[in-house]
Asks: 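Structure provided below as C-alpha cells; questions to follow.
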Amino acid sequence: MCLSIFFAYYTNLLISGYHLVDDHEIIRIHSHIQSNGFFNTLILWLKSDLAIRFRPTYWLLRVSETALIGDNMFLWHIVQAVVTGVGTFSVYVLSRKMNCHYALSVVFSFIILCGEQCAIIWSLGPQEGWGLMFVAVSYICVINYHNNASTKNLILLSICSILLAGIKESFLVIVPTEILFLAYLQICSEQNSSSKHSIFYFLKKS
C-alpha cells in the first residue's frame, strides 16, 4: 500500500487532478449530496444506473467516497492508490496461499496491471480497481473456508461474494467460479490424502 502511494507520488499521479473520463460523476455526486443528502443521492444514482446496468456495490462505494472526501482530487488519487495497492497485495497473498513461489507471486501480482489494465492505477472511474481486490479477497476466503469450514469464514465469503457481484456485470459472472474453485480444492485435498496411503508415498518417504 505504501509502495503504491509512493509510486503515485513519484509519477505525479497524486497531483494529476481532474480527468475528463468519468471524473465528472464525482462533481455531480458531490453536488447532489450537498443538495439532497447522502441517502437520497445514493438512491437516486442506484435507481438511475439499475435501469441499464448492475453495479450496486460500485455506486455504494462511489457515493460513500464522495461523501467522505468530496471533490478533492488529491485525496481521490490517494484512495485510488490505496485500492490498487491493496488489490495487488491481495493477489500476491492469493498466489502464496496457492503455494506459488514468492518471486512468481510478485511477478503475477504486477503482470495483471500491465497493458490496458494499468488505467486502474490513475483513472478514478473504472470499477476494476475495487473488482480486482474483491476477486482476490473472495478467492482467499474460499481457501480459508476450505481449510476451516466455520460459520465465520462462510459469512466472510458470502459478504465478499455479494460485494464482488455488485461491482460490475463482468465480475458478477466470476462469482459462480468460486464454487468450482472450492470443488477443485476439495478434489486436490482428497487426492493428496489418498496418495499418503499408497505404496508410492511410503516408498517416496523412505
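Numbering of residues begins at 1 and proceeds along the displayed sequence.
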Asks: Identify the heavy atoms of T41 and G37 that sit nearest to each other, and give their distance.
Replies: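 That closest heavy-atom pairing would be OG1-O, 2.6 Å.
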
Asks: Under 4.5 Å between side-chain heavy atoms, chaining through other members, with only Ile, Leu, Val, Met, Phe, Trp and Tyr counted: pull out the rest of the cluster around F54, sorted by chain and number.
Replies: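 L50, L172, which link up through side-chain heavy atoms under 4.5 Å apart, make up the rest of the cluster.
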
Asks: Mind checking what makes side-chain contact (heavy atoms from CB on, under 4.5 Å) contact with S109, not counting sequence neighbours?
Replies: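 Per chain and number, S109 pairs via side-chain contact (heavy atoms from CB on, under 4.5 Å) with T88, V91, Y92.
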
Asks: How long is the gap from CE on M73 to CD1 on I78, to the nearest 0.5 Å?
Replies: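 The CE atom of M73 sits 13.5 Å away from the CD1 atom of I78.
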
Asks: Test your reading of the model: is there a side-chain donor-acceptor pair from T57 to the backbone of L163, 3.5 Å cut-off?
Replies: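 Checked: pair present.
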
Asks: Quick one: side-chain contact (heavy atoms from CB on, under 4.5 Å) partners of I155, sequence neighbours excluded?
Replies: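 I155 satisfies side-chain contact (heavy atoms from CB on, under 4.5 Å) with T151, I159 only.
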
Asks: Distance from R28 atom CZ to E25 atom CD, nearest 0.5 Å?
Replies: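 Between R28 CZ and E25 CD, I get 7.0 Å after rounding to 0.5 Å.
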
Asks: For the atom pair OH (Y58) and CZ (F171), what is the distance rounded to the nearest 0.5 Å?
Replies: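 Y58 atom OH to F171 atom CZ measures 12.0 Å (nearest 0.5 Å).
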
Asks: Would you say T66 and W76 make side-chain contact, with heavy atoms under 4.5 Å?
Replies: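 In contact.
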
Asks: Please answer: with hydrophobic residues joined when any side-chain heavy atoms are less than 4.5 Å apart, are F181 and I162 in the same cluster?
Replies: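 Different hydrophobic clusters.
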
Asks: Going by atom type alone, with no hydrogens or angles, which donor-acceptor pairs under 3.5 Å involve a side-chain atom of residues 130-144 and a protein atom two or more places apart or on another chain?
Replies:
from : atom 1 : to   : atom 2 : distance (Å)
S138 : OG     : F134 : O      : 2.6
S138 : OG     : C160 : O      : 3.4
Y139 : OH     : T177 : OG1    : 2.6
N144 : OD1    : K97  : NZ     : 3.2
N144 : ND2    : I140 : O      : 3.4

Asks: Output all residues satisfying side-chain contact (heavy atoms from CB on, under 4.5 Å) with H146, sequence neighbours left out; order by chain, then residue number.
Replies: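 Partners of H146 under the side-chain contact (heavy atoms from CB on, under 4.5 Å) test: L182, L185, Q186, S189.
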
Asks: Do the side chains of L104 and F108 join up, straight or via other hydrophobic residues, at under 4.5 Å, putting them in one cluster?
Replies: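 No, L104 and F108 fall in different hydrophobic clusters.
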
Asks: Spell out, yes or no, whether L44 and I52 are grouped together once hydrophobic residues are joined by side-chain heavy atoms under 4.5 Å, including indirect joins.
Replies: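 No, it is not one cluster - the side chains of L44 and I52 are not joined through contacts under 4.5 Å.
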
Asks: Under 6.0 Å from the CZ atom of F38, do we count more than 12 heavy atoms belonging to anything else shown?
Replies: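 More than 12 within 6.0 Å, yes.
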
Asks: Can M98 be reached from F89 by stepping across I, L, V, M, F, W or Y side chains whose heavy atoms are under 4.5 Å apart?
Replies: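 Per the 4.5 Å side-chain linkage, F89 and M98 are co-clustered.
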
Asks: Please round to the nearest 0.5 Å and tell me the distance separating atom CZ of R62 and atom CG of D49.
Replies: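 Answer for the CZ-CG pair, R62 versus D49, is 11.5 Å.
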
Asks: Do L156 and L164 share a hydrophobic cluster, counting only Ile, Leu, Val, Met, Phe, Trp and Tyr and linking them when any side-chain heavy atoms are less than 4.5 Å apart?
Replies: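 Per the 4.5 Å side-chain linkage, L156 and L164 are not co-clustered.
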
Asks: Sequence neighbours left out, what pairs pass side-chain hydrogen bond (donor to acceptor under 3.5 Å, both in side chains) with at least one residue falling in residues 153-174?
Replies: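 Checked against side-chain hydrogen bond (donor to acceptor under 3.5 Å, both in side chains) - neighbours excluded - the pairs reaching residues 153-174 are R53-E169, E128-K168, S150-N153, S161-E178.
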
Asks: Looking at OG of S64 and CD1 of I33, how far apart are the two atoms once the value is rounded to the nearest 0.5 Å?
Replies: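 Between atom OG of S64 and atom CD1 of I33 there are 8.0 Å.
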
Asks: Say you draw a straight line from CH2 of W59 to CD1 of I43; how long is it, rounded to the nearest 0.5 Å?
Replies: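 With rounding to 0.5 Å, CH2 (W59) is 15.0 Å from CD1 (I43).
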
